[in-house]
Amino acid sequence: MAAPGSKSVLFVCLGNICRSPIAEAVFRKMAADSGVVDQWVIDSAATSDWNTGSSPDTRGLACLRKHGIETSHRARQVTKDDFTSFSYILCMDDSNLSDLNRKAKQVKNSTAKIELLGSYDPEKELIIKDPYYGGDEDFEKVYEQCLRCCKAFLEANP
């Protein structure tokens with residue numbers, strides 16, 4: 001639960017083992033490097049329950065490590081409380097967006113702003129594609145997109 005006056009962001013994808021843990025780890029490092037990490041509650045979650053409790057994909061972890069970032073995240077599914085405790089829920093594609101908007105309608109006083117993380121991309125790549133069935137280069141592309149989007153999101157929320 002976010003403390004009063006703190007900011008909060010939940011990154012969401014389908015399984016919470018590829019894209020959203022990369023976004024979470026990138027944003028956490030960026031906030032730490034900017035000296036504002038203590039002002040943020042940062043997490044990630046899945047629209048599905050397929051991978052609950054799992055570590056991120058080894059290829060995603062290797063990609064993060066290559067860029068000097070570690071994460072100990074365990075996959076979890078989005079809960080009803082997330083819609084009232086997070087200021088922002090940022091997701092990766094249109095399918096995530098429609099799932100989240102549908103779930104938000106079932107929460108009486110949902111206050112989270114639900115957006116595509118890609119809406120912050122200065123290069124206007126709206127969709128962050130799932131790299132699960134791809135190779136290392138697909139995870140690298142996700143990392144690069146997350147880097148651009150998280151930087152813009154942090155700058156928009158100083």
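Since the model is a prediction, treat every value here as computed from it, not as a measurement.
- Contact check for Phe11 versus Cys150: side-chain heavy atoms found under the 4.5 Å cut-off.
- A heavy-atom distance below 4.5 Å is not found between the side chains of Leu10 and Tyr88.
- Among pairs with a residue in residues 135-154, those fulfilling side chain to side chain donor-acceptor pair (under 3.5 Å) read Lys66-Glu140, His67-Glu140, Asp121-Arg148, Glu125-Lys141, Glu125-Arg148, Lys151-Glu155, at least two apart in sequence or across chains.
- Proximity of a side-chain donor or acceptor of Ser85 to a complementary backbone N or O of Asp81 within less than 3.5 Å is detected.
- Cluster annotation: Leu116 and Leu154 are assigned to distinct hydrophobic clusters (Ile/Leu/Val/Met/Phe/Trp/Tyr, side-chain heavy-atom contacts under 4.5 Å, transitive).
- Under the rule for a side-chain hydrogen bond (donor to acceptor under 3.5 Å, both in side chains), the partners of Thr79 that lie at least two apart in sequence or sit in another chain are Asp82.
- Nearest heavy atom pair, residue Phe86 against residue Ala112, reads O-CB, 3.2 Å.
- Proximity of a side-chain donor or acceptor of Thr52 to a complementary backbone N or O of Ala75 within less than 3.5 Å is not detected.
- In this structure, Ser98 has no side-chain hydrogen bond (donor to acceptor under 3.5 Å, both in side chains) partners at least two apart in sequence or on a different chain.
- The two residues Phe83 and Leu100 make their nearest non-hydrogen contact at CE2-O, 3.5 Å.
- Across Gly35 and Asp38, no two heavy atoms sit closer than the pair O-OD1, 3.9 Å.
- Remark: the backbone N or O of Ser6 is not paired with any side-chain donor or acceptor of Gln39 at under 3.5 angstrom.
- Residues Leu117 and Met92 form a side-chain contact, since some pair of their non-hydrogen atoms from C-beta on lies under 4.5 Å apart.
- Judged purely by distance below 3.5 Å, without hydrogens or angles, the side chains of Arg74 and Ser55 pair a donor atom with an acceptor atom.
- In the hydrophobic clustering of ILVMFWY residues, with side-chain heavy atoms under 4.5 Å counting as a link, Phe139 and Leu14 come out apart.
- Contact record, Cys13 with Asn96: CA-OD1, 3.5 Å, taken as the closest heavy-atom pair.
- Val142 has its side chain out of reach of Cys18: every pair of non-hydrogen atoms, C-beta onward, lies at least 4.5 Å apart.
- Both Ile128 and Phe27 are part of a single hydrophobic cluster, where members link through side-chain heavy atoms under 4.5 Å apart.
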Working for side chain to side chain contact (heavy atoms under 4.5 Å, CB included), residues Leu64 and Val26: CA-CA 8 Å; Leu64 286 170; Val26 163; 4.1 Å; yes

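- A heavy-atom distance below 4.5 Å is not found between the side chains of Leu126 and Asp94.
- The shortest non-hydrogen separation linking Pro131 to Arg59 is O-NH1, 4.2 Å.
- Side-chain atoms of Ile89 and Val9, non-hydrogen and from C-beta on, never get closer than 4.5 Å to each other.
- Clustering ILVMFWY residues whenever any of their side-chain heavy atoms sit less than 4.5 angstrom apart, transitively, puts Val12 in the very cluster that holds Leu97.
- Legend: side chain to side chain donor-acceptor pair (under 3.5 Å) pairs involving residues 101-113, not counting sequence neighbours, sorted by first then second residue: Asp99-Arg102.
- Ile127 and Tyr120 fall into different hydrophobic clusters, defined by Ile, Leu, Val, Met, Phe, Trp and Tyr side-chain heavy atoms under 4.5 Å apart, directly or through other members.
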Residue pair Asp43, Arg76: steps toward the salt bridge (charged side-chain N to carboxylate O under 4.0 Å, His left out) verdict: CA-CA 10 Å; Asp43 199 1; Arg76 71 172 185 85; 3.0 Å; yes

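- Applying the side chain to side chain donor-acceptor pair (under 3.5 Å) test to every pair with at least one member in residues 16-37, sequence neighbours left out, gives these pairs: Asn16-Ser20, Asn16-Ser44, Asn16-His73, Arg19-Asp93, Glu24-Arg28, Glu24-Ser44, Glu24-His73, Lys29-Asp33.
- Under the rule for a side-chain hydrogen bond (donor to acceptor under 3.5 Å, both in side chains), Tyr132 has no partner lying at least two apart in sequence or in another chain.
- Between the CD1 atom in Ile42 and the OG atom in Ser8 there is a gap of 10.0 Å [rounded to 0.5 Å].
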